[in-house]
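Have a look at the structure below, then the notes.
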Amino acid sequence: MTLHPEIAKFFARLPTPPEGPLDPAAMRAEEESHVAPPEERLPLHAVEDVTARTAAGEVPVRIYTPAEADGYGVLVYFHGGAFFLGSLDTHDHVARSLAKETGLKVVSVGYRRAPEAAFPAGLDDCYAVVRWAAEEGERLGWDGTTLAIAGDSSGGTFVAAVAARAHDDGFDRITHQILYCPSLDLDFDVDRYASLRENAVGYGVETAGLKPFNAFYLDSGADPADPLVSPVKRADLTGLPPALVVTGEHDPMRDEGELYGRRLREAGVEATVSRYEGAGHGFVQHFAWLPEYRQVFAQTRDFLGRH
């Protein structure tokens, strides 16, 4: 299937990116300028900004309560943005949709970003907030059942890395891992996966842009050979939580996500891999207003209900 016509129209209207090195401050400001005002956001029972006091330090989080209830399952969400973009605000709509559709209390993590914070600061924050959510279960109204982790793009990298780190630490409370268009192999050899060539140009995120976009993270000390940086390189995937891996047909990173799903199944882990036709990278953040892509939230709900 070709790129979805609404997505193609969006990309056709985008201005040519400025030449020269990437400017994190300017790019962040541009992203934030498109955030919807509070009165236009999906309404929920409660949305609260708090500071999680964790083993990694104080981490800003936003807690989404979908409806009044005696107790909740919890989903901890890590936003995407190539490790240097994205924020609680730019991905607020994703967190709201997850809370509304799944009925879980969602904790979105405002982790430290490159280049200001060196590796593994962001990963440490994400892992520490998951531990905090379990430890502060009574405060969150956690019912002691579901403790899922989810993330898109580089947030998906953190999902896989947190799941692995928790397993190695003997922390067995994570019940599900959900990865949307994940970036799971930060080795930028264009021959490593067919999708890097098939989807190299014309679908939004382009293969040639992956190296410069991830350079802030890699230059901060993240080694692509490290399985916490490139989780698909982890030798042993046994014992990890059940996974939902969502990919886009026209995403250059499609094949590494699907490989992770296959390797999980080969290791005896229940894994659902779902490719969305006509979609490129980041469709969950940018194009979930389209009915065929909005169903990703219902699919997430159903996955959580099956495991």
Side-chain angles (χ1 to χ4, degrees), residues 1 75-78 80 94 98 102 123 126 130 146-168 174-187 189 191-199 203 205 207 210 224 226-285 288 292-293 295-307:
M1 179 178 176
L75 183 150
V76 182
Y77 171 68
F78 314 137
V94 178
L98 284 169
T102 66
L123 174 59
C126 290
V130 175
T146 299
L147 179 57
I149 54 176
D152 62 293
S153 189
S154 55
T157 317
F158 284 153
V159 166
V162 166
R165 192 164 165 183
H167 177 268
D168 292 346
I174 298 174
T175 58
H176 307 77
Q177 53 174 319
I178 302 160
L179 304 87
Y180 304 119
C181 299
S183 172
L184 297 176
D185 189 344
L186 273 67
D187 171 5
D189 177 358
D191 293 317
R192 60 192 171 125
Y193 303 106
S195 59
L196 286 169
R197 290 199 177 277
E198 291 172 12
N199 300 321
Y203 300 109
V205 171
T207 297
L210 295 178
D226 182 348
L228 291 178
V229 176
S230 299
V232 77
K233 296 181 184 294
R234 181 177 170 89
D236 184 4
L237 301 182
T238 58
L240 296 180
L244 170 63
V245 182
V246 171
T247 65
E249 178 187 9
H250 298 298
D251 184 353
M253 290 169 277
R254 178 195 69 206
D255 289 356
E256 60 203 71
E258 295 178 0
L259 174 61
Y260 181 65
R262 289 196 302 274
R263 291 200 55 230
L264 284 170
R265 288 196 292 261
E266 290 167 0
V269 177
E270 294 183 62
T272 299
V273 178
S274 182
R275 180 189 296 186
Y276 278 67
E277 294 187 355
H281 187 75
F283 77 90
V284 175
Q285 178 191 1
E292 51 268 70
Y293 300 141
Q295 68 179 341
V296 73
F297 299 116
Q299 182 181 25
T300 300
R301 176 202 63 212
D302 294 345
F303 166 74
L304 291 164
R306 286 197 307 271
H307 299 279

Checklist entry - Is it the case that Y77 and D152 place a side-chain donor and acceptor less than 3.5 Å from each other? => result yes
Side-chain polar contacts of residues 236-245 - donor-acceptor pairs under 3.5 angstrom, sequence neighbours left out - could you list them?
{"from": "D236", "atom 1": "OD1", "to": "T238", "atom 2": "N", "distance (Å)": "3.0"}
{"from": "D236", "atom 1": "OD1", "to": "T238", "atom 2": "OG1", "distance (Å)": "2.6"}
{"from": "D236", "atom 1": "OD2", "to": "T238", "atom 2": "OG1", "distance (Å)": "3.2"}

Checklist outcome for this item: Rounded to the nearest 0.5 Å, the OG1 atom of T247 sits from the CG atom of D255 at a distance of 8.5 Å
Checklist outcome for this item: When rounded to the nearest 0.5 Å, the distance separating CD1 of I178 from CG of L75 is 5.0 Å
Next on the checklist: Applying side chain to side chain contact (heavy atoms under 4.5 Å, CB included) to V76 and L147, what does each step give before you reach the verdict?
Outcome noted: CA-CA 8 Å; V76 182; L147 179 57; 4.3 Å; yes
Checklist entry - So, do P231 and T157 sit near enough that their side-chain heavy atoms are less than 4.5 Å apart? => result yes
Checklist entry - Between E249 (side chain) and G278 (backbone), is there a donor-acceptor pair under 3.5 Å? => result yes
Next on the checklist: If you define the side chain from C-beta out and look only at heavy atoms, does anything of E256 sit under 4.5 Å from S183?
Outcome noted: yes
Item to check | Over all atoms of both residues, closest heavy-atom pair of Y293 and A279 | outcome: OH-N, 3.3 Å
Item to check | T146/H176 under side chain to side chain contact (heavy atoms under 4.5 Å, CB included): CA gap, chis, key distance, verdict | outcome: CA-CA 8 Å; T146 299; H176 307 77; 3.9 Å; yes
Item to check | Contact summary for C181 and G282, nearest pair of heavy atoms | outcome: SG-N, 3.9 Å
Next on the checklist: Could you check whether D191 pairs with R197 (Lys NZ or Arg NE/NH1/NH2 to Asp/Glu carboxylate O, under 4.0 Å)?
Outcome noted: yes
Item to check | All salt bridge (charged side-chain N to carboxylate O under 4.0 Å, His left out) counterparts of R275, not counting sequence neighbours | outcome: E258
Item to check | Value rounded to 0.5 Å, distance of CG in N199 from CG in D251 | outcome: 7.0 Å
Item to check | S230 side chain vs P224 backbone, donor-acceptor pair below 3.5 Å | outcome: yes
Checklist outcome for this item: Which of V229, L259, L179 passes side chain to side chain contact (heavy atoms under 4.5 Å, CB included) with L184? Answer is L179
Checklist outcome for this item: Residues pairing under side-chain hydrogen bond (donor to acceptor under 3.5 Å, both in side chains) where one sits in residues 263-273, two or more places apart or in two chains, turn out to be E270-H307
Next on the checklist: On a heavy-atom basis, which atom in F158 and which in C126 lie closest, and how many Å separate them?
Outcome noted: CD1-SG, 3.7 Å
Checklist entry - Once you round to the nearest 0.5 Å, how far does CD1 of I174 lie from CZ of R165? => result 11.0 Å
Checklist entry - In Å, rounded to the nearest 0.5 Å, how long is the span from OH of Y260 to NZ of K233? => result 14.5 Å
Checklist entry - Stepwise, does the side chain to side chain contact (heavy atoms under 4.5 Å, CB included) test hold for T102 with F297? => result CA-CA 8 Å; T102 66; F297 299 116; over 6 Å; no
Next on the checklist: Check this for me, if you would: do R192 and D187 make a salt bridge, where the nitrogen-to-carboxylate-oxygen distance has to be below 4.0 angstrom?
Outcome noted: no
Checklist entry - When you look at F303 and V246, which way does the side chain to side chain contact (heavy atoms under 4.5 Å, CB included) test go after all the steps? => result CA-CA 12 Å; F303 166 74; V246 171; over 6 Å; no
Checklist entry - Of all heavy-atom pairs between A161 and L228, which one has the smallest distance, and what is that distance? => result CB-O, 3.5 Å
Checklist entry - Does any N or O in the side chain of Q177 come within less than 3.5 Å of the main-chain N or O of A163, such that one atom is a donor and the other an acceptor? => result no
Next on the checklist: Rounded at 0.5 Å granularity, tell me how far CG in L196 sits from CG in D189.
Outcome noted: 8.5 Å
Next on the checklist: Between H281 and S153, is there a side-chain donor-acceptor contact under 3.5 Å, judged purely by atom types and distance?
Outcome noted: yes
Item to check | Plane angle bin for H250 and Y203 - parallel if under 30°, tilted between 30 and 60°, otherwise perpendicular | outcome: parallel
Checklist entry - Taking all non-hydrogen atoms of both residues, which atom of V296 and which atom of Y276 are closest, and how far apart? => result CA-OH, 3.2 Å
